[in-house]
Amino acid sequence: MPAPVSSIRNLGPASDAGYARAGIHDADSLRAIGADAAYEALLRNGTSPHFIGYYALVMGLQGRPWNDCQGSEKIALRARFDAIKARVSSAGDAPDSAIEAILNQIGTGLRR
């Protein structure tokens, strides 16, 4: 039987359900697809973006504790995270993309 997604360091039982909604059903599949593609799949399937969740995944796939991410590495991961969010948002798949578009139109959104 394949190991669950939650067997990866930093990922808990809720990760199993979230990744399953994204079509990723086990730890080996998650490792094969990689952090960026897996996180993008999560966002496209209804998970709200959260930077800590993203870098905890990256660290976990490297076998590192989630809080091991610091300095320039964290800055680089933030850029990757923002790029993933932008791809999902531009495709209109983000769960909050309609609200975000309205907030941007009235000048109160994240992208002014």
Side-chain angles (χ1 to χ4, degrees):
M1 179 169 206
V5 166
S6 59
S7 68
I8 295 173
R9 185 177 191 146
N10 305 330
L11 302 182
S15 298
D16 292 324
Y19 283 100
R21 280 192 306 277
I24 303 167
H25 300 283
D26 58 75
D28 286 339
S29 297
L30 179 58
R31 286 185 189 96
I33 193 171
D36 290 7
Y39 199 78
E40 186 169 331
L42 274 181
L43 298 185
R44 291 186 187 281
N45 285 280
T47 297
S48 295
H50 196 281
F51 181 52
I52 293 172
Y54 169 71
Y55 77 72
L57 167 64
V58 173
M59 295 293 104
L61 287 173
Q62 295 175 9
R64 297 165 58 192
W66 70 271
N67 58 355
D68 196 33
C69 182
Q70 298 178 21
S72 61
E73 181 180 30
K74 194 171 195 177
I75 292 167
L77 287 177
R78 182 64 192 213
R80 286 171 46 189
F81 172 78
D82 288 342
I84 293 166
K85 282 188 356 179
R87 280 194 304 273
V88 172
S89 180
S90 69
D93 292 339
D96 59 351
S97 61
I99 274 188
E100 201 171 297
I102 292 167
L103 291 173
N104 289 333
Q105 283 179 341
I106 62 173
T108 60
L110 296 173
R111 292 172 284 188
R112 295 182 202 176

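Side-chain atoms are counted along with the backbone in the values below, which use heavy atoms only and exclude waters and symmetry mates.
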Can you tell me if Asn10 uses its side chain to pair, donor with acceptor, with the backbone of Ala56 under 3.5 Å? yes
Between the main-chain N or O of Gly18 and the side-chain N or O of Asn45, is there a donor-acceptor pair closer than 3.5 Å? no
Over all heavy atoms of both residues, which pair between [X] and [Y] is shortest? Give the atoms and the distance, please.
| X | Y | answer |
| --- | --- | --- |
| Arg64 | Asp68 | NE-OD2, 2.7 Å |
| Tyr39 | Ser48 | OH-O, 4.1 Å |
| Ala27 | Ser7 | CB-OG, 3.6 Å |

Heavy-atom distance under 4.5 Å between the side chains of [X] and [Y], does that happen here?
| X | Y | value |
| --- | --- | --- |
| Met59 | Arg9 | no |
| Phe81 | His50 | no |
| Val58 | Leu61 | no |
| Cys69 | Leu77 | yes |
| Leu57 | Tyr19 | yes |
| Pro2 | His25 | no |
| Leu43 | Ile84 | yes |

Carboxylate-amine/guanidinium contact Glu73 Arg78, below 4.0 Å: no
Distance col, row Ser6:OG vs Leu30:CG, nearest 0.5 angstrom, shows 11.0 Å
Start with the C-alpha gap between Arg87 and Arg44, add the side-chain angles, then the distance that decides, and say whether side chain to side chain contact (heavy atoms under 4.5 Å, CB included) holds. CA-CA 10 Å; Arg87 280 194 304 273; Arg44 291 186 187 281; 4.3 Å; yes
Quick one: does NZ or CZ of Arg80 land under 6.0 Å from the six-membered ring centre of Tyr54, within 45 degrees of the ring axis? no
Stepwise, does the side chain to side chain contact (heavy atoms under 4.5 Å, CB included) test hold for Leu11 with Asp16? CA-CA 8 Å; Leu11 302 182; Asp16 292 324; over 6 Å; no
Test side chain to side chain contact (heavy atoms under 4.5 Å, CB included) on Trp66 and Tyr55 and set out the steps. CA-CA 7 Å; Trp66 70 271; Tyr55 77 72; 3.7 Å; yes
